[in-house]
Amino acid sequence: MGKGILEVTDDDFKSTILESDKPAIVDFWAPWCGPCKPMGSIMEELEKTYGDRVLFAKCNVDQSPNIPTHYGIRAIPTILLFQESKLVDRVVGLVPKSHLEKALKKIL
Amino acid sequence: MPADFYDVAIIGRGPAGLQAGIHAAGKKVSVIVFGRAERSSLYRARIANFCGPKDVVAGKEILETGKKQAEALGAAFLEEDVIETKTENDGFTLTTESGKTYASTALILAMGVARKKLLVKGEKDFVGRGVTYCVDCDASFYKDVDVVVVGNESAAASGALTLLHYARTVYLVCRKLAISDSLFKQLQNSKVKLLEGTWIKEIVGSQAVEGVVLASGETLKVKGVFIELGAKGAMELAANLGVVFDAETFSLIETNKKQETNIPGVYAAGDITGPPWQIAKAVGEGCVAGIEAAEYAKKRRAEGR
């Protein structure tokens, strides 16, 4: 059991995600995006299982447009997975929980 | 309260929606059913495993008969897709493709499941790099660039209009439009470049989408391809209401034995709740949803809604 899902912004993305001791998973979303809602629920469920080993975060693309642009995000929800400051995987769109879990296991 | 108020609104006029309409209207509440028969997967099917009919029956016939049965009981029908849902005034407000709004006390989601993917070369490679399936989600990533929307129905047409607020040029590629007259007029009076009678054959690019090749051989230089087949589905319409989806795929709606979702007053029936994809299962769930939604609306009316 971890500490829930951390909100990250353009300003603190580097210090929280790229300099994280743990691998990190970041959910790029927006309040007006329908499929982002269930994706958010999947993140919350996975956090309960893996939150002690992986940093779970979300980034609102409306409030923080720079990081999504930097990573070439042009669809949401998009989930990026990081390990030792490096982007290792990218999951685009609403996917089943098992699909995201499989991607997540690669950074454990 | 808006003029167009109904006790029970039903989205989808396949077997689940029709049976729900028949049973709700039979309970003496006002009922409206939204959608087109052609959208139902039953429309082109031939049915030989449904208890009752002796011979193989064309699905289309069942849909026509079911509509007449519901109408005879007083249900209203509107051949339009719902493109927006909202929770309002303790009930639901629905906006159709032509921009009309309707209010209801109870809502039955019976719009089925639709194929989302175009299944053309290049599509898979560019998901999230120019290929998208959600105008509402992704329009803002395509400011001042050229985009193409593909699809024949309301989701594509209304999506193209939405994209005009963001993109520089918006093409709409369709085989043949199946939308309401008023939505068609909106399109005609807009800057959307309509390319009817063709389809996308291939999506091309290197790192990201650079264009699409049409069946006619013509190439459109675009940075975004919005694939919007069919009508708006469960994800767009139900998620807005806070309806919970199944825990594994998050694309099917969870219901209990009364066909209730987690949101009071919202019911779901038919393919949208999951397999088996059978007419028998759809009408069974539609029956329960129709009765339960009517009872809910009556109770709310007695409470003074």
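All heavy atoms count here, side chains included; hydrogens, waters and symmetry mates do not. Throughout, protein chains are lettered first and strands after them, A, B, ... in sequence-line order, and every chain is numbered starting at 1.
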**Prompt:** Of the backbone (N, CA, C, O) and the side chain (C-beta and beyond), which part of A/Ile76 lies under 4.5 Å from a heavy atom of chain B, both, or neither?
**Reply:** both
**Complete:** Most contact-rich option vs chain B, by heavy-atom pairs under 4.5 angstrom, among A/Lys97, A/Arg90, A/Arg74, is A/Arg74
**Item:** Reported CG-to-CD1 distance for the pair A/Asn60 and A/Ile67, which is rounded to 0.5 angstrom
**Value:** 13.5 Å
**Complete:** With chain A, the option among B/Cys137, B/Gly224, B/Gly242 that has the most non-hydrogen atom pairs under 4.5 Å is B/Cys137
**Asked** Is the NZ or CZ atom of B/Lys223 positioned over B/Tyr142's six-membered ring, under 6.0 angstrom from the centre and within 45° of the axis?
**Response** no
**Request:** Below 4.5 Å from any heavy atom of chain B, which atoms of A/Thr78 appear? Answer side chain, backbone, both or neither.
**Result:** neither
**Prompt:** Knowing that exactly one of A/Val26, A/Ile25, A/Leu6, A/Leu87 qualifies, which makes a side-chain contact (heavy atoms from CB on, under 4.5 Å) with A/Ile17?
**Reply:** A/Val26
**Request:** Start with the C-alpha gap between A/Phe28 and A/Tyr71, add the side-chain angles, then the distance that decides, and say whether ring-ring contact (aromatic ring centres under 6.0 Å, His included) holds.
**Result:** CA-CA 11 Å; A/Phe28 291 86; A/Tyr71 287 102; 7.1 Å; no
